[in-house]
Number of protein chains: 2
Amino acid sequence: MTESIRCPRPSAKRDAILDAACAVFLEVGYAAASMDSVANRASVSKATIYAHFNDKDDLFGAVIRMRCDRNLNLTSVDSALDARDTLTVIGQRFLNLLLQPDSLSMYRLVTAEAPRQPDLARAFYESGPGTSKTQIAQAISDLGRRGLLNVDDAWQMADLFIGMLRTDLFMRTLLGLPQTKERTVDQAVSAAVETMLRAFGP
Amino acid sequence: MTESIRCPRPSAKRDAILDAACAVFLEVGYAAASMDSVANRASVSKATIYAHFNDKDDLFGAVIRMRCDRNLNLTSVDSALDARDTLTVIGQRFLNLLLQPDSLSMYRLVTAEAPRQPDLARAFYESGPGTSKTQIAQAISDLGRRGLLNVDDAWQMADLFIGMLRTDLFMRTLLGLPQTKERTVDQAVSAAVETMLRAFGP
DNA sequence: GTCTATACAACGATAGAC
DNA sequence: GTCTATCGTTGTATAGAC
């Protein structure tokens with residue numbers, strides 16, 4: 001019996017299966033993704049998939065966890081920047097990350113399956129939204145320590161900042177509704193940053 | 001051929017099918033919802049479903065549109081209230097609505113299917129998030145006219161306010177992660193309202 | 001481990017009687 | 001319109017050879 005979670009030692013076929021499965025799941029969703037289409041895309045027979053993974057759920061879990069492992073660094077910014085520039089840089093990184101097609105597909109996929117796969121939902125939260133929140137709270141805390149922001153509860157402020165970034169623009173993009181793209185990201189970040197400065201500026 | 005969208009004249013069986021389909025879709029998602037389970041739940045034969053709806057997609061669309069038609073009034077508040085109380089009342093209504101199990105299931109369902117069903121995504125947005133935003137922008141605009149809030153762009157402020165309400169609490173609930181419920185809603189609303197007042201208070 | 005071929009169940013949709 | 005019964009397809013998963 002293959003151990004798919006612990007000790008996934010490298011294997012060319014295994015990686016090809018994971019990549020193909022990831023693409024298919026993100027494209028058509030969990031239920032509509034057939035093992036046949038994954039096998040074809042990976043140029044592998046269906047039986048080979050079952051040699052590496054117990055079943056479809058197991059494969060799905062491995063895909064999600066693989067994607068969750070690569071978490072980004074949102075908050076490595078020049079420490080000489082003031083509050084406005086720091087928040088702007090972080091906000092742009094965060095929002096651009098959030099609006100990437102892959103991120104949106106991942107979000108749709110995991111939230112849809114969350115009621116049936118609580119473990120995956122937790123893994124996704126911790127590696128995605130949870131990590132972002134931690135990083136941003138840390139950055140806000142630093143700004144507070146430098147006297148550039150009135151920081152009472154850094155976690156709550158991170159929550160508010162993230163919320164102001166994840167607005168209608170996110171919702172509309174998530175739903176695939178038309179949007180004027182480039183301009184709007186900058187505009188959303190600017191609105192969030194200015195509101196943060198108004199509310200918590202020194 | 002049954003017209004399922006226009007002129008859905010009342011029919012007991014038809015309503016039973018719609019209710020059953022709604023329950024099943026919200027429970028297990030689109031793909032996992034079988035026509036058999038809908039038929040059983042509605043105490044109706046499968047053929048009867050196909051007498052009223054063209055296919056599964058058509059039934060799904062009818063369900064979503066039915067749920068979209070009942071939009072709520074978030075912003076009918078006592079006009080004597082000040083900005084803090086007005087925003088608090090609206091915020092609590094909005095967030096409580098958002099965190100209801102049915103709302104969350106609907107959100108999961110529509111966002112997951114949005115790439116395959118753009119029309120439904122649009123209908124959902126307009127009757128849900130779009131309507132809420134319009135109502136809240138209207139309320140904020142009123143507060144501005146009464147001199148209780150510095151309103152430059154009411155739509156943008158509504159966006160920010162909604163974003164600050166739809167924070168980590170929403171994400172965690174959406175993903176089914178444990179949460180201390182009652183206290184947290186009030187806390188989230190309070191944080192959002194106080195930040196609005198700090199940033200846009202007179 | 002990897003393949004071809006297949007078993008077996010579930011599903012969407014329809015036929016035909018009433 | 002509503003039912004029972006069924007068709008044809010697709011999907012997950014496995015058997016057995018190599």
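Both backbone and side-chain heavy atoms feed into the values below; hydrogens, waters and symmetry mates do not. Quantities reported herein were computed from a predicted structural model and do not represent experimental measurements. In what follows, chains are A, B, ... by sequence order, proteins preceding strands, each numbered from 1.
As judged by a 4.0 angstrom heavy-atom cut-off over every strand, A:A32 is placed among residues making no nucleic acid contact. Residue contacts shown for A:A39 are absent, as no nucleic acid heavy atom lies under 4.0 Å away. Nucleic acid contact class of A:S34 (heavy atoms, under 4.0 Å, all strands): sugar-phosphate only. Among the protein residues, A:K46 comes within range of the nucleic acid bases, having at least one heavy atom under 4.0 Å from a base atom.
Spacing between atom NE2 of B:H52 and atom C1' of C:dG12 amounts to 18 Å, rounded to whole angstrom units. In this structure, CG of A:N54 is placed 9 Å from P of D:dT14, rounded to the nearest angstrom. When rounded to the nearest whole Å, the span between NZ of B:K56 and P of D:dT10 equals 15 Å. We find that CD1 of B:I49 is positioned 13 Å from P of C:dT14, with the value rounded to whole Å. A straight line from CG of A:D36 to P of C:dC3 spans 14 Å, rounded to a whole angstrom. With rounding to whole Å, B:D55 atom CG is found 14 Å from C:dC11 atom C1'. If you take NZ of B:K13 and P of D:dG1, they are 12 Å apart, rounded to a whole angstrom. Regarding A:M35, its CE atom lies at a distance of 20 Å from the P atom of C:dA5, rounded to whole Å.
A donor and an acceptor atom, one from each side chain of B:D102 and B:Y107, are nowhere located under 3.5 Å apart. Side chains of A:T131 and A:T134: a donor-acceptor N/O pair is absent below 3.5 angstrom, by distance only.
With respect to A:R84 and A:E194, a salt bridge is recorded, a charged nitrogen being found less than 4.0 Å from a carboxylate O.
Residue-to-nucleotide proximity on DNA chain D shows that, of A:A31 and A:A47, the 5′-proximal contact is made by A:A31. Nearer to the 5' terminus of DNA chain D, by closest-nucleotide assignment, is the contact made by B:V44 (compared with the other of A:A33 and B:V44).
Between B:T48 and the phosphate of D:dC3, there is a side-chain N or O to OP1/OP2 separation shorter than 4.0 Å.
Side-chain atoms of B:S76 and B:R93, non-hydrogen and from C-beta on, do get closer than 4.5 Å to each other.
Screening A:I136, A:T75, A:L72 for a side-chain contact (heavy atoms from CB on, under 4.5 Å) involving A:F94 leaves a single residue, A:I136.
If you check C:dC3, C:dT14, D:dA13 against the side chain of B:Y50, the one that comes closest is C:dT14.
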